[in-house]
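Order of listing sets the numbers, starting from 1, for every ligand and every atom in it. What you see is a predicted model; the values in this text were computed from it and never measured.
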Amino acid sequence: MSTQATGTIAVFGATGQQGGAVVDALLARGAEVRALVRAPESDRARALAARGVELSAIRIDDPASLAAALEAVDAFYFMTPESHSPQETEDEIRLGTALIDAAVAARVPHVVFNSVSGAEHDSGVSHFESKGRVEERLRRSGLRAVVVRPVAFMESFAMLPPTVEDGEIVLRMPVPDGVRLKLVAVKDIGLVAAAILLGTADVPGGAVEVIGDELTGSQIAAAFGAHAGLPARYEALPLSVLGGDPEEEAMFRWFAEGSAYPSDLAAVRAIVPTTWDLAEWIRSTGWTAPTDLVPS
Ligand SMILES: NC(=O)c1ccc[n+]([C@@H]2O[C@H](COP(=O)([O-])OP(=O)(O)OC[C@H]3O[C@@H](n4cnc5c(N)ncnc54)[C@H](OP(=O)(O)O)[C@@H]3O)[C@@H](O)[C@H]2O)c1
């Protein structure tokens, strides 16, 4: 698996978080990128075009549009969108299957599928098992393919940050303390996928978990506290805070179980030595403690 791609790399999901990170990494390495987009007039698609990305309008249920988008590409990256309900997970599998079938028809030489860590196990999480089904379909397709399996995004802490209470950083999650949560910065998913797409990274076994750090709740709180210059504590919450949502409960249960499997941190650092740990993500993203709650 060490061919150097020189032609066009097709990217599905380029207007999203992970696909966007893949585009960033490919452009930084001088690659030509074709984005498969359903809304070429959207702001995000136009922003890609302004950076030199070729846009190819596609519809998942239109094989001709997919064939045109994948014509003569050197490599193809795809992810599958978030799903929650049983109908959405079926849609996710259908979308992944349509993209694989199109890659087979277009004889794409090399494919990278962005799955999820846990898709290779019996996780009990529907939107992980849907990705496992897409992986299975990819294995049976005969395509030369690598699966990247990201762990939980560090970016979640931007959406649900720790709070500051009485001058102390407080982090609460429905994960027992002591469990080492697997975390990754989204930009590193892009760097890893780009290295594989460009043929400059070997992935023995054809799959790699994409991870940047493994930390307990207390260690995560401490990382935010160290950055803010404040003491920090972690409070493990019960799964009942998830409001009885069985998919969310299954996922948080899996985070605890999945942490027991050895991580691929060393393999990822061999591909991208600059992978961020959480402390680096906090520094580099300019995270600041919510100052309105910090006593002066
Ligand atoms: N959050 C986590 O910690 C985490 C960790 C590992 C894996 N994951 C998995 O990552 C996935 C989400 O990735 P993300 O955050 O990168 O997604 P995202 O930012 O929501 O982007 C989704 C992308 O898919 C495109 N898309 C969706 N449906 C489409 C369709 N029918 N036709 C064409 N394009 C379509 C969107 O295009 P538009 O711009 O047109 O909408 C967008 O480019 C989920 O499957 C999730 O399970 C998440």
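- Closest to atom 19 (O) of ligand 1, if we only count protein heavy atoms, is Q17 N, 2.8 Å.
- Of all protein heavy atoms, the one closest to atom 39 (O) of ligand 1 is T15 OG1, 2.5 Å.
- Between atom 9 (C) of ligand 1 and the options M159, K131, H127, the minimum heavy-atom separation is to K131.
- Of the protein's non-hydrogen atoms, the one nearest atom 34 (N) of ligand 1 is F12 CZ, 3.3 Å.
- Distances shorter than 4.0 angstrom occur between a heavy atom of V151 and an atom of ligand 1.
- Here the shortest heavy-atom distance to atom 17 (O) of ligand 1, taken over M79, Q18, E82, belongs to M79.
- When the options V134, V116, V11 are ranked by their closest heavy atom to atom 7 (C) of ligand 1, first place goes to V116.
- There is a protein heavy atom less than 4.0 angstrom from atom 13 (O) of ligand 1.
- Residue F128 places no heavy atom under 4.0 Å from ligand 1.
- Ring-plane geometry between F157 and F224 is classed as perpendicular, the angle between the planes exceeding 60 degrees on a 0 to 90 degree scale with a lower cut at 30.
- Looking at A98, P81, A152, G13, it is P81 that brings a heavy atom closest to atom 28 (N) of ligand 1.
- Between the side chains of H127 and E92, not a single donor N or O lies within less than 3.5 Å of an accepting N or O.
- Which parts of ligand 1 touch P150 is read off a 4.0 Å heavy-atom cut-off, strictly below it: atoms 6 (C).
- Taking a cutoff of 4.0 Å between a charged side-chain nitrogen and a carboxylate oxygen, E136 and R140 qualify as a salt bridge.
- In this pair, Y261 and H121 present their aromatic rings parallel. The plane angle is below 30°, not in the 30 to 60° band.
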